[in-house]
Amino acid sequence: MSTLLEVNGISVTFDGFRAINNLSFNIGPAEMRAIIGPNGAGKTTFMDIVTGKTRPDTGKVLWGELSRNLVGMNEARIAQEGIGRKFQKPTVFEDQTVEENLLMAVKNKRGAFSVLFWKPSDADMNRVAELAAEIGLANELMRKSGELSHGQKQWLEIGMLLAQEPRLLLVDEPAAGMTPEEREKTTDILVEAAKTRAVVVVEHDMEFVRRLNCKVTVLHEGSVLAEGSLDHVTSNQQVIDVYLGR
Amino acid sequence: MLKRLLVVVLAMFCLATQVVAQDAATEPTNETASETEAVALGPMQEVLQSVSELIVDSSRRTIQPAIDAVAGSGLDAAPFVLETWQARDMWQRISDGQFFKAVKAGDGYALTDFDTGEVVATVTKDDIEQIKPNSGIQGLIGSALVAFQLNDPDPAKRREALASLERNASEDLLGVLRASIDNEEDADIRARKERLEKLITITYGTDPANRIAAIESVAGNLDVAVRGALNPLVATRIMAFDGAIPDDVNVARELRVGSEALSREEAYALTDGEPLLTDDALRGLLQANIVDGAVGGVPVAELSDPERRVAAFEALEAAGTVPPAATEDDVDAALDGKVFAAVYSEPNADVTDAAQSALTAIETKVGLFQIFDLGLDALSLGSIYFLAAIGLAITFGVMGVINMAHGEFIMMGAYTGYVVQQIVPNHTASILLAIPLAFAVTFAAGVAMERLVIRYLYNRPLETLLATFGISIALQQLAKNIFGTQARPLTSPDWLGGAWVMNDVVSISTVRIAIFVLALIFLAVFLFIMKRTRLGLETRAVTQNRGMASAMGINPERVNMLTFGLGSGIAGIAGVAIGLYAQVTSEIGQAYIVQSFMTVVVGGVGNIWGTLLGAGLIGILQKGIEWFNPSNTLAAQTYMIIFIIIFIQFRPRGIIALKGRAAGD
Amino acid sequence: MQRSFLIKNPSVMIFLAVLTVFTILVTFSSEAFGAGIISTSFVKTLGKTLCLALIAVAMDLVWGYAGILSLGHFAFFGLGGYMIGMWLMYERTKEIVATSMAQNPIPPTAQEVVDGIGTQIFGVVGSSEFPVIWFFADSLFMQLLLVVAVPGVLAFVFGWLAFRSRVTGVYLSILTQAMTLALSLYLFQNDSGLRGNNGLSGLQNLPGVTASQDYVSIWFFWASALALALGYIFAAWIVSGKFGSVIRGIRDNEARVRFLGYSVEGYKLFLFTVTAMIAGVAGALYYPQAGIINPAEIAPIASIYLAVWVAIGGRGRLYGAVLGAVFVSLVSTYFTGGQAPDINLGFYRIQWVDWWTILLGLSFVLVTLFAPKGIGGLFDLIAERRTPDRHGADLGPDQGSLREREAEE
């Protein structure tokens, strides 16, 4: 199996606390993966490292067919490489309309000058309409995103993520604070997305993970404890000890 | 040494005897008269009589032999005579021409004989005549006295003599001085004598070997007088030579024409060529020779061109209308074949070399001490910045509240000190009173500000910045309205007025030491409050997690209020301290606010040790930059700020950075 | 394209219309072209106010839209003034020197003229040599270029250093303030080459122009109005498109914009530099009307006042910035000019010259606390525009991202 992202022996220490300890991790080009683990297992730090927010003390993060090392690139550069990230808390630009939010995310040149002289083409507008339909916000395009409900904001953020057309999606607890219907819809969107790209979901909610129906990686104290199907890992005694058994 | 002494003493004797002989030859009548009349003159009286004419004449030009006669008589009474003479207490008895010390006693004068030291008679004023040496003669007598005073049994007199010798040293006294060293028992005076002997040898010595030895012995001595003695030895002047430099000239270095040390014009001025034609002189000449709208055939209108001006001048020169002046070609010709060199006035090359290397050694040592002194200055400046910043370290560093009015709290503290001083005249008492009062005033102001403004703006730092800035300009203007724009003095008590002096190079004023100590006290207080008291614990708790802290029963409102008040109060005390050495104006806070923020930011927000390091770094930097360009403190501040901006590139979170996820961007 | 942009932004049209009417009114009330109701000095005050409005627009772009509270834009304003002042002073002095030298029996050489100018200009700081920075002082074209180039380059270098190391929020404000302080301290020196604390003076006299100040003041008024109009259109154009979207995104959540693949530093740097250039132009128009520029003008306090205007006017909207600058500076002129009547409290007489600053400072605190939208917020009430519901997210738009993170964690 070819790999899209290969995380190789990374470690990072905060003030003597070893948040990630010699972690290695691979994911293919069109794959859904769930990451679970107790608090402090290093899930968010792992995402921070991949997206360039935190620089690891040692190790490599190799990306794509050319196996380029992402360590040392800045966040914007990594995002342009095709890695999209959704935060735990929905972060959309509340002061701007849904359309503006999506237009900002639609894949286009990101340089200051090309953006300054950029005018939306028909293709861009169609893409926005398409995405809006997909995330169920087609009727809300002209509303300020601050006025949306919590679930709608989550979808808008996922929509923005999709608009970037990333090859790897990192999603941090997408289902938090959602109603059951909203969760179902979120699952659909993610499963659909995983058909064409790699999706990594960090989630606490086992129910949600089960519905994703994918390979699961369990993190503990900064390294991989177990990997496999949900049933496989949940039957692992170590996993039960550190996580499920609590 | 002894040999030298002998030579000198002998020389003096010769001189004295010569004078006596001379007098004897020229004034036989006087001699015979006294011989016939006097029964037995004391030996000193005899000496005095031998130069009686000169003494009575009392002329600056001719008096020296008389003084020498007395000083060189070898009699114990000599210093007594000289002192009396110098003090204008020497009188001549008209009847027999003898000299006595006369002191007014009742209606008359008591005469003391110089040889016996006893009162021999009491006479009326009409019988005697006062010898009135003028100040020039008094000086000469003084110099002669020095020889005696240097050996005087009374140490105070010896010191006095040394002081007078230091003021006007001369070659003549070198021998006397040397002779007096061996017998000196007082270690301190002996050291002074030896030092003086070296200085005089360096300047006036005749034997090169002696001088060099003296020069080498003072290498590394920081005494300003030493440098004063050495510097003239290495003074040079520039001279021009035809062809080669003669061997008998002590050359410091050869100079090239056109180099920095010797410009072409300067070099030309050393030759005896015709005066150089300056642009001004050229214009003046041309102006004076305008004939029918043209100068030397060149129309005036064309004279805006420098080349045409020269052409006009040459025409005038050729016609003989103006005296010739050197043009560039003339200068070249004059300089051709000339050699220029900086030449020592001191002819002996060994002496100048020794002086040069001694000076280098001194300069090295001075340089080291200057660096030490600079370090002290930097430390003192750093402690001032630390004082100004420590309140901010609490409000900004710990609480995260950016208070632009912090500088105005410093100002309020300083003005509190000023007002207290108006009421309590005793400076010590007023300072001791001002410190708690300034704390109280600014604490109250801080609490009021926190209650009225800042608590509504927590977590909105930019708005806090703007609102507190509004308060800052209002407070500044208020101070201006109350106290006026002129600077108000805050006088420090006398015990803070002095300075601690280590040597000629290193010294530091007591106020600055006090500020340094105060900074240390503040540091201790800060650490104590933050680490050891309930308030510190609660403050840290509220800052780190407000919700959790209030769940634990801490009242965050109260804690914030008190902490902010504390930070402001400390600013007030800092204001008193800063006011002691700087003028108190309404803008005193503005002078420190940016540096204070820089101190906190450079040190690392939220860490008092960082603030300490930041203050030290900024102090050292500013003093260091000032050292390179001492005349310009404005530029020093400019470069310091630029340095800080660049520093932040490499350590964006300050010297001591909090690490971890919380410190992420 | 321009037309559609203007139609899409009616507020720009309204603004331009108001500005045009105002310009025409002032022109016909002036002593030069009309009834003479408005004195020449007041025309200058109005012209200067328009320049202040222009720099307020620049400040609003960088602070209200991109969230960078720069306390350094007045330094760029001053630099623009210095650049044009150098040419004005050089040429003006050249005229004077040439006139006086024409009395000489012998016509002066070019070097003598230059030396004469040098002595005239730098005599006050004990020098007569032209510093290197005056190299282009005799060329209007080059100095006009420098009006935008010097602030632009300074802003670019400073911005590159600051943004690259991700200094944000109040830290950036303090750093910009330090930069301003450094610049003003530098200019205060006599050997800065710009006449130390004497500054440049006599700038109101245009070289080669014999018309009276009545006319010159109106010309500058027109130029200021034109510059403000162009600056306003430019600013409105910048913020209306996706670029505006991105910079507002940076203001609200810098990290999120970064994860969308935008190089936040590049955008900030672009905006910081462009607004510095606008500030330079505003300064170049302001100081010939003021007649004198000295380093005190550049002191950090001036830049903070600029922030005050924008905040009072209402940040995040361009007309708010203009309103704030015009309102505060005209009211300031009224109170500090001695026109306001004293208030006699019986025991104390309030003289506005002394108390105006206090009033301004306090009203600024009140605006920050109670009317964060400033005067511009009043227009919302009129338009009954709904404000976005933040769902209790208390983090304001001016939040530095650093603070926001800390507030979260």
Side-chain angles (χ1 to χ4, degrees), chain B residues 279 283 286-287 290 295 300-306 309 396 400 402 404 452-453 456-457 459-478 480-481 590 594 597-598 601 605 632 634-635 637-642 644-646 648-650 652 661-662 664-665, chain C residues 69 104-112 158 161-162 164-171 173-175 177-179 181-183 185-186 188-189 191 254-255 300-301 304 307-308 311 354-355 357-365 368-369 372 394-396 398-403 405-407 409:
Chain B
D279 288 345
R283 195 178 57 238
L286 297 181
Q287 223 157 331
I290 300 177
V295 182
V300 167
E302 285 178 24
L303 289 177
S304 62
D305 181 353
R309 284 193 180 183
F396 179 52
I402 182 151
M404 296 302 278
L452 293 174
V453 179
Y456 302 106
L457 298 171
N459 288 338
R460 291 197 285 174
L462 288 187
E463 306 210 328
T464 316
L465 189 155
L466 292 174
T468 52
F469 167 70
I471 296 169
S472 153
I473 54 174
L475 284 177
Q476 240 182 82
Q477 184 63 43
L478 196 64
K480 236 176 247 168
N481 291 357
Q590 287 303 302
V594 175
F597 273 114
M598 286 289 146
V601 170
V605 175
N632 210 330
L634 288 178
Q637 290 191 31
T638 311
Y639 295 130
M640 185 192 70
I641 293 169
I642 292 172
I644 289 172
I645 292 172
I646 293 168
I648 288 178
Q649 295 304 298
F650 298 102
R661 270 207 303 200
D665 55 325
Chain C
L69 176 49
N104 293 357
I106 294 180
T109 62
Q111 188 58 42
E112 278 172 350
F158 177 84
L161 288 172
R164 194 187 69 97
S165 51
R166 301 227 173 140
V167 179
T168 52
V170 285
Y171 296 88
S173 302
I174 295 172
L175 209 59
Q177 191 185 16
M179 175 201 76
L181 182 67
L183 187 68
L185 288 178
Y186 182 78
F188 263 119
Q189 302 172 78
D191 50 5
E254 190 174 311
I301 193 119
I304 303 184
V308 172
D354 288 341
W355 287 88
T357 317
I358 295 177
L359 185 70
L360 180 67
L362 293 181
S363 57
F364 186 46
V365 176
T368 317
L369 284 179
D394 53 346
L395 306 172
D398 54 314
Q399 200 77 61
S401 66
L402 173 106
R403 193 100 316 258
R405 284 252 84 73
E406 281 178 1
E409 283 163 359

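In what follows, every chain begins at residue 1, and chains take the letters A, B, ... in the order their sequences are listed.
- With a 4.5 Å cut-off on side-chain heavy atoms, C/L369 and B/L452 do not count as touching.
- Looking at every heavy atom in both residues, C/P108 comes nearest to B/S304 through O-CB, 3.1 Å.
- The ring pair (Phe, Tyr, Trp, His ring centres under 6.0 Å) check on B/F396 picks up B/F597, C/Y171, with sequence neighbours excluded.
- Nearest heavy-atom pair, B/E463 versus C/T368, reported as atom, atom and distance to 0.1 Å: O-CG2, 3.5 Å.
- Between C/T109 and B/D305 there is no side-chain heavy-atom pair separated by less than 4.5 Å.
- Here C/D354 pairs with nothing under the side-chain hydrogen bond (donor to acceptor under 3.5 Å, both in side chains) rule; sequence neighbours left out.
- Contacts between B/V601 and chain C at a heavy-atom distance below 4.5 Å involve the side chain alone, from C-beta outward.
- For C/E112, the part lying near chain B is the side chain, with the backbone staying farther off; criterion is any non-hydrogen pair under 4.5 Å.
- For chain C, no part of B/M640 is nearby; none of its heavy atoms comes within less than 4.5 Å.
- Looking at C/L175 and B/M598, their side chains come closer than 4.5 Å, going by heavy atoms from C-beta outward.
- Between B/K480 and C/T357, the closest side-chain pair of non-hydrogen atoms is not below 4.5 Å.
- C/I358 approaches B/A474 most closely through the heavy-atom pair CG1-O, 3.5 Å.
- Considering all non-hydrogen atoms of both residues, C/S173 and B/L462 come closest at OG-CD2, 3.6 Å.
- For chain C, the nearby parts of B/L286 are the backbone and the side chain; heavy atoms of each come within less than 4.5 Å.
- Between C/I301 and B/I473, the closest side-chain pair of non-hydrogen atoms falls below 4.5 Å.
- Residues C/V170 and B/P461 approach most closely at CG1-CB, 3.6 Å, considering heavy atoms.
- Between chain B and the options C/P107, C/A182, C/P372, heavy-atom pairs under 4.5 Å are most frequent for C/P107.
- Options C/I106, C/L181, C/V167, C/L183 differ in how many heavy-atom pairs under 4.5 Å they form with chain B, and the most are formed by C/I106.
- Between B/I402 and C/I174 there is a side-chain heavy-atom pair separated by less than 4.5 Å.
- B/L478 has its side chain within reach of C/W355: a pair of non-hydrogen atoms, C-beta onward, lies under 4.5 Å apart.
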